[in-house]
J.: 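The structure's right below; bear with me while I get my questions together.
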Amino acid sequence: MATTNGAQVIIVDEEGFSSGNKVQPYLATTPRVEPWEVDHGNKEHSLTLGDRLGLEDLSSMNVWRASIGELLGTAVLVFMIDTIVISSFETQTKIPNVLMSTLIAITITILLLAVHPISGGHMNPVISFSAALVGLISISRAFIYIIAQCVGGLLGALALQAVVTHDIAQNFSLGGCTLTVIAPGPNGPVVTGIDTSQAFWLEIICTFIFLFASIWLAYDHRQAKALGIIVVFTIIGIVLGLLVFVSTTLTEKKGYAGAGMNPARCLGPAMIRGGHLWDGHWVFWIGPMIACMAFYIYTKIIPSNHFHAIGYRHDFFNVLRAMVNLNH
């Protein structure tokens, strides 16, 4: 949990330990860095592959309790965002994309502030997977979080279906992620939307921009200290809202719901409504996954003094190195 006292930011982890003046990235749920966790060049470590993978997290009650925050946070996020998507178009406003993007930005910011003290405030497999690659959390913790997020996405979609009419749920695909829809035409039903390849590239590009222009602020301890938690999370919400606006406006195709940038949000409505929501559904998983890997490579290319110069024990390259050493 982050609290501010003047210019000082104090991070408290799940165990309740304070790291004092040392500011750690906001989305890191294990902020304290012990001497044995730090990587120092080519120095040999006593860390095992299990340590690198964070297998201890699988049996940690604190991690499982934190995942409840991810589950409920994602459920609320899916319910709210899908409601916003439906309402923005149902009201027949002249600028539904602007209204939708603005409300999504506000919602994301509020939910980040609410869930962050519990689990780090991921609510998105993109953030958990990216944080695991970078090493802010272990792969084991990311796995638990992503499962919780997917269950939360399902619960959020179920809650939405319970409060909307059948016609609204059908006409707006329960606010889910779609590439195409079947719409009435002069000569019968027609399929309208965008090509799978176009949606795939939009998903990769928008997710990378999301990570590069906003999530990066939460990963970098220097920015976390300089900007503060409220500013960082507000920027994340604004960037996400802008990307929703750009992706929905750029194509100008009815049927395309815009870049998902959150596979759990796309999964929930697809599991509840099925049908065309499964068409090209892989785009909303593979695209963000590629973007996360590209972003991770970027963090390894830039000078080390600009990001986690001390290193993290869960860093993906360190995990691979431990696996190679294990085979030898």
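Just so it is clear, the structure is predicted and the values come from calculations on it, not from any experiment.
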J.: Check the pair Tyr219 / Ser130 against side-chain hydrogen bond (donor to acceptor under 3.5 Å, both in side chains), numbers first and verdict last.
T.: CA-CA 10 Å; Tyr219 285 179; Ser130 174; 3.1 Å; yes
J.: Please name the pair of heavy atoms, one in Gly175 and one in Val85, separated by the smallest distance, quoted to 0.1 Å.
T.: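 Shortest heavy-atom separation between Gly175 and Val85 comes out as CA-CG1, 4.2 Å.
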J.: State yes or no: do Ile106 and Ile235 share one hydrophobic cluster built from I, L, V, M, F, W and Y residues joined by side-chain heavy-atom distances below 4.5 Å, directly or via other members?
T.: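 No, it is not one cluster - the side chains of Ile106 and Ile235 are not joined through contacts under 4.5 Å.
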J.: Please work out whether the ring planes of Phe212 and Phe208 are parallel, tilted or perpendicular, with thresholds of 30° and 60°.
T.: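 Ring orientation, 0 to 90° scale: parallel.
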J.: If you compare all heavy atoms of Phe284 against all heavy atoms of Pro288, which two are closest, and at what distance to 0.1 Å?
T.: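 The pair with the smallest heavy-atom distance is O-CG, 3.3 Å.
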J.: If we ignore hydrogens and angles and just use 3.5 Å, is the side chain of Ser101 paired with the main-chain N or O of Phe245 as donor and acceptor?
T.: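 Indeed, once roles are kept as given, a pair shorter than 3.5 Å links the two residues.
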J.: For residues His314 and Asp51, report the shortest heavy-atom separation together with the two atoms involved.
T.: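 Scanning both residues, the minimum pair turns out to be CE1-O, 3.3 Å.
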J.: I need the minimum non-hydrogen distance between Ser140 and Leu53, along with the two atoms involved.
T.: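 Ser140 and Leu53 have their closest heavy atoms at OG-O, 2.8 Å.
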J.: Would you say CZ of Phe89 has more than 12 non-hydrogen atoms from neighbouring residues, nucleotides or ligands within 6.0 angstrom?
T.: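 Atom CZ in Phe89 is crowded, with more than 12 foreign heavy atoms closer than 6.0 Å.
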J.: Does any N or O in the side chain of Asp82 come within less than 3.5 Å of the main-chain N or O of Gly156, such that one atom is a donor and the other an acceptor?
T.: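 Not confirmed, Asp82 side chain does not pair with Gly156 backbone.
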J.: Provide the closest heavy-atom pair for Asn124 versus Glu70 in the form atom of the first, atom of the second, distance.
T.: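 Heavy atoms of Asn124 and Glu70 come nearest at N-OE1, 4.4 Å.
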J.: Let's go through His276 and Thr178 carefully: what are the C-alpha distance in whole Å and the side-chain angles of both, what is the deciding distance for side-chain hydrogen bond (donor to acceptor under 3.5 Å, both in side chains) to 0.1 Å, and is it a yes or a no?
T.: CA-CA 7 Å; His276 69 284; Thr178 58; 5.4 Å; no
J.: Looking only at heavy atoms, what is the nearest atom pair of Gln161 and Ile272, with distance?
T.: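 Minimum heavy-atom contact is OE1-CG2, 3.2 Å.
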J.: Determine whether more than 12 heavy atoms belonging to other residues, nucleotides or ligands lie under 6.0 Å from atom CH2 of Trp201.
T.: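 Result for CH2/Trp201: open.
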J.: Using 0.5 Å steps for rounding, measure from the CD1 atom of Ile144 to the CG atom of Leu71.
T.: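 Those atoms lie 13.0 Å apart.
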J.: Counting C-beta onward and ignoring hydrogens, is there a side-chain heavy-atom pair between Leu133 and Phe295 closer than 4.5 Å?
T.: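 They are not in contact (no side-chain heavy atoms under 4.5 Å apart), so the answer is no.
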J.: State, with a plain yes or no, whether a side-chain heavy atom of Ile110 is found less than 4.5 Å away from one of Met80.
T.: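 No, too far: nothing below the 4.5 Å cut-off.
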J.: Describe, in one word, how the ring planes of Trp282 and Phe200 are oriented to each other, choosing from parallel (under 30°), tilted (30 to 60°) and perpendicular (over 60°).
T.: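 Tilted.
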